[in-house]
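What follows is one structure encoded as structure tokens, with my remarks underneath.
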Amino acid sequence: MSRIRVAALALMRQDGTGEALLVVRKRGSTRFMLPGGKFEGAETETACLARELHEELGLTFDPDTAISLGRFEAEAANEPGHIVEAVVYRQQAAPGLNPVCGAEIEEIGWLALDDGAVDPAMLLAPLLTRELLPRLCAASPLRSPSPGA
């Protein structure tokens, strides 16, 4: 399988019930994913993320306040037969942050990280469902323990 290398951001904010994660849906796609994108040329991870966040959402990325979560891989959501290799950073959203749809982004959403809060009708990219959501939910400070835990 071919591989696609990307940089992505797990942008978190506090909402009324706990933490929420910013997700985006690209035009012509059905699945929500983390904001970010493919590297251009010899870009560094943080330069790629800064460029993509500005183009896609009108946001500024500050690498000094971001935490590297590591490298993850899963089937690509929008390119059958490909594996996405993602370097992912986590950052807390500034109060009043207002991302706007730009570039190829058609829809923006905030995904609650509480148990059972994910809308089953909201289709998510495999990278989110298999790799990142379990880690982010486990790390959420306001997450209640699962039954039987």
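Only heavy atoms go into these numbers, but all of them, side chains included; no hydrogens, no water, no symmetry mates.
Judged purely by atom type and a 3.5 angstrom limit, R27 uses its side chain to pair as donor or acceptor with the backbone of A103. Side-chain atoms of R51 never come within 3.5 Å of backbone atoms of E55 as a donor-acceptor pair (strictly under, hydrogens ignored). Panel note: side chain H82, backbone P80; a donor-acceptor pair is recorded below 3.5 Å.
Each of E43, E79, E56, E104 was evaluated against K38; a single residue qualifies, E79, per the salt bridge (charged side-chain N to carboxylate O under 4.0 Å, His left out) test. Checking each of V88, L127, V84 against V6 for a side-chain contact (heavy atoms from CB on, under 4.5 Å) leaves exactly one that passes, namely V84.
Contact detail for R31 and P126: the closest heavy-atom pair is CD-CD, 4.4 Å. The two residues F61 and L53 have their closest heavy-atom pair at CB-CD1, 3.6 Å. Across T46 and P63, no two heavy atoms sit closer than the pair CG2-CB, 3.7 Å. Of all heavy-atom pairs between V23 and F32, the closest is CG2-CD2, 3.7 Å.
Salt-bridge check for E85 with R3: passed, with a basic side-chain N closer than 4.0 Å to an acidic carboxylate O. Under a 4.0 Å N-O distance rule, the pair R71/E45 qualifies as a salt bridge.
Here the CG atom belonging to L49 is positioned 8.0 Å from the CD atom belonging to Q91, to the nearest 0.5 angstrom. Considering CD of Q92 and CD1 of I67, their distance stands at 9.0 Å, rounded to 0.5 Å. A distance of 10.0 Å separates CZ in R25 from CG in N78, rounded to the nearest 0.5 Å.
Within the 4.5 Å cutoff, no side-chain heavy atoms of L59 are placed close to those of L9. Looking at I83 and I4, their side chains never come closer than 4.5 Å, going by heavy atoms from C-beta outward. At least one side-chain heavy atom of F72 sits under 4.5 Å from a side-chain heavy atom of L132. The closest side-chain heavy-atom distance from L34 to V24 is not below 4.5 Å. Proximity of F39 to T44: side-chain heavy atoms (C-beta onward) are nowhere separated by under 4.5 Å. L69 places a side-chain heavy atom less than 4.5 Å from the side chain of L136. V100 has its side chain out of reach of I105: every pair of non-hydrogen atoms, C-beta onward, lies at least 4.5 Å apart. Inter-residue side-chain proximity for K26 and M33 is flagged as met; some heavy-atom pair is nearer than 4.5 Å.
Hydrophobic clustering, with ILVMFWY side chains joined whenever heavy atoms are under 4.5 angstrom apart, keeps M122 apart from W110. A chain of hydrophobic side-chain contacts below 4.5 Å, direct or via other Ile, Leu, Val, Met, Phe, Trp or Tyr residues, connects L113 to L124.
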Evaluation steps, salt bridge (Lys or Arg N to Asp or Glu O under 4.0 Å), between E19 and R90 | CA-CA 13 Å; E19 281 192 307; R90 178 185 171 128; 3.0 Å; yes
Verdict with reasoning, M12 to L21, per side-chain contact (heavy atoms from CB on, under 4.5 Å) | CA-CA 5 Å; M12 312 297 294; L21 172 69; 3.6 Å; yes
